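Once you've had a glance at the structure underneath, I'll fire off some questions.
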Amino acid sequence: MGGLEEVLPRKRPLILDKGLRSLNETILPKIKNRLYAAEQESSCCITGIQLLYLFLFSLGTSCGGGGNGSSLHLMEAVLENVSLQLGLAWEAVRMKVLSLTLLCLLIAANEAKRFDKCELARLLKRHGLDGYYGYSLGNWVCMAYYESRFNTAAVGPPNSDGSRDYGIFQINSRWWCTNGQGRSANGCRTSCSSFTNDDITNDIECAKRIVRDPNRMNAWVAWRNHCKGRDLSSWTSGCGV
């Protein structure tokens, strides 16, 4: 596979020259191997192009990575070079990349987030969880940390009954939400996927419903194992709540 120097203009800033050398020496061989593996598996060159795009995306050269004009130009140069090597029509590949970029932007608009301790504590307090059914704010923050590490996109592995746990509070699909797989009591009357975005309003409302059940906060195994009966003041200290 040829180097990127064949595609980019001759006059380039020194930092771009260094970046090209690094790409040609380290990254392009990996791309070539991935493209070859993808083509062997699917017999479809465009699959390789998609794989290449996602590989570059993971390096932060496009949306989500703070990409600037130079990085996007670099990504386009790599794609054009690879498409030429594969005998693909560059404009067709370019349109595919544009559609993938649009998809990326749409996903980013509704992406999940990872809270920090105090950000979450303040939000939970605003939604009335401090003292809710007798549980201090520290209980809720501690539980959320040990259930999901404050990650709103967390989805747990299958449980023994085939159910799964979703979102920052790891709400269970057998009892509280439906994921379309197996039986569900759907106590919170919502889809499990609604618990995996960055808006945790419905997660909080469902958590309130769960704690009103006879099990109270014992419904969360992580709370029982790491928070119950312990000094939880550190979970809200320094947060101004």
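For clarity, every value in this text was computed on a predicted model and none was experimentally measured.
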- Query: Hey, what do you get for SG (C192) to CG (D165), rounding to the nearest 0.5 Å?
  - Reply: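 The SG atom of C192 sits 9.0 Å away from the CG atom of D165.
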- Query: Does the D130 side chain pair with the main chain of L137, one donor and one acceptor, at a distance under 3.5 Å?
  - Reply: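 Yes, the answer is positive, given that a donor and an acceptor are paired below the 3.5 Å cut-off.
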- Are Y133 and M217 close enough that some pair of their side-chain heavy atoms sits under 4.5 Å apart?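 Sidechains of M217 and Y133: no contact.
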- Message: Going by side-chain hydrogen bond (donor to acceptor under 3.5 Å, both in side chains), name the residues that satisfy it together with N139, two or more places apart in sequence or in a different chain.
- Response: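 Partners of N139 under the side-chain hydrogen bond (donor to acceptor under 3.5 Å, both in side chains) test: S136, W223.
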- Message: If you compare all heavy atoms of C239 against all heavy atoms of R122, which two are closest, and at what distance to 0.1 Å?
- Response: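 Residues C239 and R122, closest heavy atoms: O-NH1, 3.4 Å.
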- Query: Taking R114 for the side chain and R149 for the main chain, is one N or O donor matched with an acceptor at less than 3.5 Å?
  - Reply: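 Here the side-chain-to-backbone pair exists.
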- Message: Rounded at 0.5 Å granularity, tell me how far OG1 in T178 sits from CZ in R183.
- Response: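 Taking OG1 in T178 and CZ in R183, the distance rounds to 12.5 Å.
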- Message: Quick one: does any side-chain atom of D161 pair with a main-chain N or O of S163 as donor and acceptor, under 3.5 Å?
- Response: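 Side chain of D161 to backbone of S163, a donor-acceptor pair under 3.5 Å: yes, one is there.
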- Query: side chain to side chain contact (heavy atoms under 4.5 Å, CB included) between E119 and L123: does it pass, once the steps are laid out?
  - Reply: CA-CA 6 Å; E119 180 187 16; L123 181 61; 5.9 Å; no
- Spacing of CZ belonging to F115 relative to CD1 belonging to I200, to within rounding of 0.5 Å: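 So the CZ of F115 and the CD1 of I200 are separated by 4.0 Å.
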- Message: Could you check whether any side-chain N or O of K117 sits under 3.5 Å from a backbone N or O of F150, counting only pairs where one atom can act as donor and the other as acceptor?
- Response: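 No, the answer is negative, given that no donor and acceptor are paired below the 3.5 Å cut-off.
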- Item | A121 to T236 - nearest heavy-atom pair and separation |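 So the minimum-distance heavy-atom pair works out to CB-CG2, 4.5 Å.
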- C206 and N202: side chain to side chain contact (heavy atoms under 4.5 Å, CB included), yes or no, with the steps? CA-CA 6 Å; C206 188; N202 58 343; over 6 Å; no
- Query: Are N186 and S184 linked by a side-chain donor-acceptor pair shorter than 3.5 Å?
  - Reply: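 The criterion, which ignores hydrogens and geometry beyond distance, is not satisfied for S184 and N186.
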- Item | N225 to R230 - nearest heavy-atom pair and separation |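 Here N225 and R230 meet closest at O-NH2, 3.1 Å.
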- Run the numbers on I168 and L120 for side chain to side chain contact (heavy atoms under 4.5 Å, CB included), then give the verdict. CA-CA 10 Å; I168 195 166; L120 181 63; 3.9 Å; yes
- Query: Has the side chain of T152 got a donor or acceptor atom that lies under 3.5 Å from a matching backbone atom of N197?
  - Reply: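 A pair under 3.5 Å: yes.
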- Gap separating the CZ atom of R189 from the CH2 atom of W176, nearest 0.5 angstrom: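 Output value for this atom pair is 10.0 Å.
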- From S234 atom OG to L232 atom CG, the distance as rounded to the nearest 0.5 Å: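 Interatomic distance, S234 OG to L232 CG, rounded to 0.5 Å: 7.0 Å.
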- Is the W220 ring parallel, tilted or perpendicular to the W140 ring (thresholds 30°, 60°)?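 Ring orientation of W220 relative to W140: perpendicular.
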- Counting N and O atoms only, with roles assigned by atom type, does the side chain of R164 sit under 3.5 Å from a partner on the main chain of G156, one being a donor and the other an acceptor?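 Checking the backbone N and O of G156 against the side chain of R164, a donor-acceptor pair under 3.5 Å is found.
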- So which heavy atom on Y166 is nearest to which on S173, and how close?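 Closest approach of Y166 to S173: CE1-CB, 4.0 Å.
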- Task: Please test C177 against C188 for disulfide (SG to SG under 2.5 Å), starting from the C-alpha separation and ending with a verdict.
- Result: CA-CA 6 Å; C177 63; C188 291; over 6 Å; no
- Evaluate the criterion side chain to side chain contact (heavy atoms under 4.5 Å, CB included) for residue pair Q170 and V221; output intermediate values, then yes/no. CA-CA 10 Å; Q170 289 292 275; V221 175; over 6 Å; no
- Query: In chain order, what residues pass the side-chain hydrogen bond (donor to acceptor under 3.5 Å, both in side chains) check against R212, with sequence neighbours excluded?
  - Reply: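 R212 satisfies side-chain hydrogen bond (donor to acceptor under 3.5 Å, both in side chains) with Y132 once adjacent residues are dropped.
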- Message: Could you check whether any side-chain heavy atom of F195 comes within less than 4.5 Å of a side-chain heavy atom of T190, counting everything from C-beta outward?
- Response: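 When only atoms from C-beta onward are counted, T190 and F195 do touch, with a gap below 4.5 Å.
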- Item | From I171 atom CD1 to R209 atom CZ, the distance as rounded to the nearest 0.5 Å |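 Nearest 0.5 Å value for the CD1-CZ distance: 12.0 Å.
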